[in-house]
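Below is one structure, written out as structure tokens; the observations come after it.
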Amino acid sequence: MAEVIASTLIEAVLQKLVSEAVKQVGRVQGIRSELMSLEKTLFHIKALLVDASDKEIKEVLVQNWLNELKHLAYDIDDILDDLATEAMHREFTDQSGGSTSMVRKLIPSCCTNFSLSTKMRRKLDNINLKLQGLENEKTTIGLTVKNGGLEVGNNRPIDRNRVLETSLVDASSIVGRQGDKDELIEKLLGDDPRNKNFSIVPIVGMGGVGKTTLARILYNEKKVNAHFQLKVWICVSQEWDSFQISKSIFQSVSGEDIDKKLENNFNLLQEALMDKLREKQFLLVLDDVWTESYKDWETLVRPFSVCARGSKVIITTRKEKLLKELGCSQLNQLQCLSHDDALSLFCQHALDANNFDLYPTLKAHGEGIVRKCKGLPLALIALGKLLRTKEDEEGWKDMVDSEIWSIEEGGGIIPALKLSYHELPASLKQLFAYCSLFPKDYLFEKDELVLLWMAEGFLRQSDRSKSTEERLGDDYFAELLSRSFSRHAPDNGSRFVMHDLMHDLATSVAGEFFFRLEKEMIKDVRKLALEKLRHMSFVCEEYEAYKKFEGIERAKSLRTLLSVGVKHKQDYYLSTNVLVNLFPELHFLRVLSLSGYEISEVPESIGKLKHLRYLNLSQTNITHFPKNVCDLYNLETLILFGCSSLIKLPNNFIKLKNLRHLDIRDTPLLKDLPLGIGELKSLQTLSKIIIGGANDFLIIQLKDFENLHGKVSIEGLEKVKNATEAREANLSQKRLTEFQVEWSGASRITPMETTENAILDALKPYNDCLEKLGIVNYMGLEFPKWVGDPSFRQLARVSIRGCKKCASLPPLGQLPSLKELSIQDMDDVNVVRSEFFGTGLAFPSLESLSFGNMSGWKAWSTDSRSGVGDSVFPCLQELRIEGCPNLVEFSFEGDSVFPCLQELHIEGCPNLVEVSLKAPLLSLRGLRINNCGDGLMKSLVRVAPSVTKLEIESISGLTNEVWRGVILGLKAVEELIVKKCDEIRYLRESKEAEASSKVLVNLRKLEVRECKNLVSLGEKDEEYNSGSNLLTSLSLLEVMRCDNFKHLSCPNNIEKLIIVECNSITCVSFFSMEGGQKLKSVFISSCKKLMIKEELGEGEDKNRLLINSKSMPMLETVYISHLNVASIIDFGGNFIHLTTLEISYDESTESSFQDLQLPSLTSLTTLVISDCPSMNVPTAGLWHPNLRELRIGGLKKPISEWGPQKLPSTLVDLTLSGEAASNWSELSHLHLPSSLTRLSIIHFQNLERVSDGLQHLTSLQHLSFFGCPKSSYRGLNHRVEELYITRLSTNLGAASSYCPASISESKEVIVCSWCFHWQFVGGIELVYHLVEASES
């Protein structure tokens, strides 16, 4: 299979050898004869590749010969690329050099290029000798010239209309699984005999047998959908990460992004997930599980304990060990298909039939292939799709007789899949092998992959007039997709993924030319033949030290350095040494991606990577580019998407003649297009177009970008003079998928609304491709007719914002595919009626609708005379109306309005008294009302009987009496959040206790915040202390910043209690003495009167809350910030489940470490004790042996006086705060364990040196200093990857003795936002950029 890259490379090299540019440079440099000799030898070798293709399958000598040939082909290609680049440089110099170029022309080329020509001639002679040596080996290894040739160009037509696979399963195409399906459905819908809340339904089997397909069938089965309230699908893959899996589950069940406080706190995340799953029957699919660790499983499923009985977890896996430990005793492996079923599946994909009845001549060969596939569905499908292209009997016979079937299954790769690869056209094989650079289960975009292929030179065409390289790449991708070499990612229609077995196959065929650097593979780098490596990717980690890349500089011929695996909303830091020291060594890079890293400067050395075709610095912190980036004459793709700090691009873009794709979306500080960009006629992507600016870019220049397509936004349209200019841009002929037009707030030269309308009309895009449209700050009085025209059949997302002079909305209701619509800041719109909807069924596909800041909007309604049908918004799931202070009417008369609405949010509509609907909102589950009147709230509660989550904030007129009427309508509510409602004193009045006990039976979560006059939950809470029938389902109770709240009576069954900044509260109790048995988490902060004896009334002391192990045996997390912790918590007994304990600001004299009973807290892993000036450190030996995180400081004695400490060897995260020592040696008695990976030093005001005591911390990765103004940092071990200084003394700017610049010889890792002398420290970058520390 190695002949593929060799053949395609040789073909590319031969094309370059005959190009006019190379011929011209060859003549100039006097190396024409060497190039001709090279061409002749390559033709001879090319003739041997047909025979090599047949023999390489089994003959090692041929395989080695082909590998050597590939390396030489790569080397030749690099040399020719040098020559072509030199030709471009000469051409540009000739065009722009003036007198200099005239002088150069007068000097003979032999004088100007003598050293370069000699060096090049020597290289070519050396390669020629090696090539001739390979040609001479043909007799030794038995290669001969055969008729025919390898198919390199893949010139046969590709079916552009081939049906592509989707992520959804077509159940009718599934063969032979009905029995498995029925059996598993019975398990899913049945009860667990072990009387547990959830149970496991395993699907076990070998790779490619169809486990995931079967799970998808179950997941989409109607009976299953009706049975479960929540469904979640998670692809786990080989690296089990309980935190990431929990995040994904939470996002799926909540439909929300992860809150910042949950982002890095696993405990809080699991508590939040528990709230979402409580009493819900849910189905979770964990697909492709590899872990065998019971602890991994136990950690993940803790929140599942509260789900409703009958919940199920489907696990698809190849391994049985974990399942057996979980009690799954009867594990039936999913079997391969029977011969008949395998035959049927194969025929479906090969012949679009169920058997061979219509193809009798192919039957014998087909049955032979099916037998060799051994019933494995993935192999049957792959070969079936492959044989669609072979209509003659001979092609089928060749496949049956292939020698690949006799190869042993090395690395678990099935011969059938190897055969499907072997039968690919040569042009597709290298494209498939390239995908090995992605990690398993990596979701990739098709367009991203095509641009990478193009940059690598895989999409060259002999006749460029037929199609663009990008279009050819699209066709190739569709071909690979149709043959099952990749597939649509589940639940993500725009992305793709490879099956694990296909990924293994890609890795296998990629050979020694490709390498993917993952965390567990770092040690393998040293074993690689780096001089032969050409393509490399690395999976991103939060902190990337130079050590990870150590040795890569020896890969002198590396063409690809690709970062992959960046996750949304996570920061990644890259050692500056990688930028400064590694890149200059990689002269032949063609692809460089550092997307997502916290990089603020681009090193000058990047401008010297003259072979570079693809540069991706998206979502970094760069502010500008060095000018020499424009010396990258070969650059085709520059991606700067999401560079929010980017201010300027260099003004010599005219030199980038080959630039085809410039993505500068989401760069708000970039206000000018670079000078000369209008001359780049090859541009196909220019995602942000800025009219005017310092370089005065004109809209008429867009007409020259004939191939412009994809995503485009145009800013500065107020600078367009008239419609004629706009029309000359010729946008109606450009195939745009996303299009945004934007006017700034500045007044135009001709402030006429008719001009604005004509300009927008002239900018009408091509209607067959448009999927997303945005219109911003348009100043016309009305929209042109094309906005809302139903001929835009693909248009799915529309945003209209800041069009303040338009008095009406465009007729968007008849757009057939519209799913998301946002309308904001349209001040002159007074009414929204029939013109918005059109006639007949309105908004047939709309799922999300948002109105915001519509200051003039008064009415939104339809009636029987409007022409709008009874069915309005049939698919709408989410509706938001915000900032519409004059809206007074919201009425719909249709019988079927909002039938699918699930979320409704109305905010800032104080004059909207009610919502008038003929039909109730039976599907509504989430209702949020903010800054509105009580009338609106009452009307919405009446029409939404099924709401499960209600959030109200700043509701005027919400008195106790009004609330009493509202609460009776909350029959289904499970989550209630009340904020800033200052007119209510109680959430329950005593005479409504019996009624409210019947209404709020499903309430599981209650949050009350900033209600100034709220005194307690009930009017007479002491009456409820004896009755546990109220709020019996409540599990979470939060009261925050309620200034007059005095007494909290908690339901017995709560599991989480939060009380924050309630300055009047004196007592917390339970309904009865049995309360607290289920309590798992307590958070109490800044309640200065709570449980203080002087504040307690008569008798309240007996029934007050006292945290103790007897009444609260299930406690897992305790956080107490209080002046007298001992009045709230009693550490006697045994808290066997407590994992996290945080105590702060305890000023009492009653507490001590001995009181904490640390040895008895057998599950404790996190301990925080801070600012407790009366508390003494424990004597040596009292630290808990399982402690992993310790944050401590501000105790009675300073750290330097603690005496010897024996911190546990399990400790990985240590924070020390508030110390007066000046030298770290004064703290040597702490005996820090070598297990530490993170050490934080906070407010060590006098600390000057960190020279001793850290060298033994061989596991340390993160070292942080906060508020240490005098520190210098020496003696750090070479493994330290981060030194994060958030504050330095103000005299640093004067190069004081404390400046880290004084330790330049140590090259420590320093991140300094205040120090202006960073440049003196070898290679140190500014904020957030890391440099590897070396031994001092």
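- For Asn777 (side chain) and Trp743 (main-chain N/O), a donor-acceptor pair under 3.5 Å exists by modelled atom type.
- A cation-pi arrangement is present between Arg665 and Phe641 under the rule of less than 6.0 angstrom and at most 45 degrees off the ring axis.
- Residue Arg534 qualifies as enclosed at atom CZ: its count of foreign heavy atoms under 6.0 Å is above 12.
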Return all side-chain donor-acceptor pairs below 3.5 angstrom for residues 698-708, not counting sequence neighbours, or 'none' if the list is empty.
unit_1: Gln701; atom_1: OE1; unit_2: Leu698; atom_2: N; d: 2.8
unit_1: Asp704; atom_1: OD2; unit_2: Lys681; atom_2: NZ; d: 3.3

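- Heavy atoms of other residues, nucleotides or ligands lying less than 6.0 angstrom from NZ of Lys734 number more than 12.
- Between Asp81 and Arg559, none of the side-chain N atoms (NZ, or NE/NH1/NH2) sits under 4.0 Å from a carboxylate O, so this pair counts as no salt bridge.
- Gln430 and Trp453 share no side-chain donor-acceptor pair at under 3.5 Å.
- Without hydrogens or angle criteria, Asn651 side chain to Leu675 main chain gives a donor-acceptor distance under 3.5 Å.
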As a quick check of understanding, evaluate salt bridge (charged side-chain N to carboxylate O under 4.0 Å, His left out) for Asp631 and Lys655, giving each step before the final call. CA-CA 7 Å; Asp631 292 335; Lys655 296 163 72 174; 2.4 Å; yes
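- The main-chain N or O of Glu445 is found under 3.5 Å from a side-chain atom of Glu448 such that the two form a donor-acceptor pair.
- Between the side chains of Glu718 and Ser744, a donor-acceptor pair is found at a separation under 3.5 Å.
- Not one N or O on the side chain of Arg797 forms a donor-acceptor pair closer than 3.5 Å with the backbone of Leu795.
- In this structure, OG on Ser557 lies 6.0 Å from CZ on Phe588, to the nearest 0.5 angstrom.
- Expressed to the nearest 0.5 Å, how far CD of Glu738 lies from NE2 of His709 amounts to 12.0 Å.
- Residues Phe783 and Tyr778 place their aromatic rings such that the two centres sit under 6.0 Å apart.
- Side-chain N or O atoms of Thr468 include one that pairs as donor or acceptor with a backbone N or O of Arg471 at under 3.5 Å.
- Looking only at distances, no side-chain donor or acceptor of Asn695 sits under 3.5 Å from a matching main-chain atom of Phe697.
- A side-chain donor-acceptor contact under 3.5 Å links Asn722 to the backbone of Glu725.
- Ser537 places no side-chain N or O within donor-acceptor distance of the main-chain N or O of Arg516, the cut-off being under 3.5 Å.
- Under 3.5 Å, the side chains of Asn658 and Glu636 contain no donor-acceptor pair of N or O atoms.
- Between the side chains of Glu820 and Ser822, not a single donor N or O lies within less than 3.5 Å of an accepting N or O.
- Of the inter-residue distances, the one linking Lys657 atom NZ with Tyr633 atom OH reads 11.0 Å to the nearest 0.5 angstrom.
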Apply the test salt bridge (charged side-chain N to carboxylate O under 4.0 Å, His left out) to residues Asp447 and Lys711: give CA-CA distance (whole Å), side-chain angles for both, the deciding distance (0.1 Å), then the verdict. CA-CA 12 Å; Asp447 292 343; Lys711 302 171 183 177; over 6 Å; no
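- With no hydrogens or angles considered, a side-chain donor-acceptor pair links Ser595 and Ser618 at under 3.5 Å.
- A side-chain donor from one of Thr560 and Glu456 sits under 3.5 Å from a side-chain acceptor of the other.
- Counting only N and O atoms by type, the side chains of Asn634 and Thr85 include a donor and acceptor under 3.5 Å apart.
- Using a 30° and 60° split on the angle between ring planes, Phe477 and Phe496 fall in the perpendicular class, above 60°.
- Inspection of the His661 and Glu470 side chains reveals an N or O donor paired with an N or O acceptor under 3.5 Å.
- A donor atom on one side chain and an acceptor atom on the other are not found under 3.5 Å apart for His535 and Tyr434.
- Note that CG of Leu818 and CG of Leu812 are 6.5 Å apart. Values are rounded to the nearest 0.5 Å.
- Looking at Asn767 and Asp789, their side chains never bring a donor and an acceptor atom within 3.5 Å of each other.
- Taking a cutoff of 4.0 Å between a charged side-chain nitrogen and a carboxylate oxygen, Asp768 and Arg793 do not qualify as a salt bridge.
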Determine, step by step, whether Lys610 and Asp82 satisfy the salt bridge (charged side-chain N to carboxylate O under 4.0 Å, His left out) criterion, reporting the C-alpha distance in whole Å, the side-chain angles of both residues, the deciding distance to 0.1 Å, and the verdict. CA-CA 8 Å; Lys610 60 183 178 181; Asp82 270 338; 3.2 Å; yes
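- Look at Lys688 and Asp663 and you find no salt bridge, because none of the NZ, NE, NH1 or NH2 atoms lies under 4.0 Å from a carboxylate O.
- The pair Asp696-Lys719 fails the salt-bridge criterion, with no side-chain N (NZ, NE, NH1 or NH2) lying under 4.0 Å from an Asp/Glu carboxylate O.
- Salt-bridge check for Arg801 with Glu742: failed, with every basic side-chain N at 4.0 Å or more from each acidic carboxylate O.
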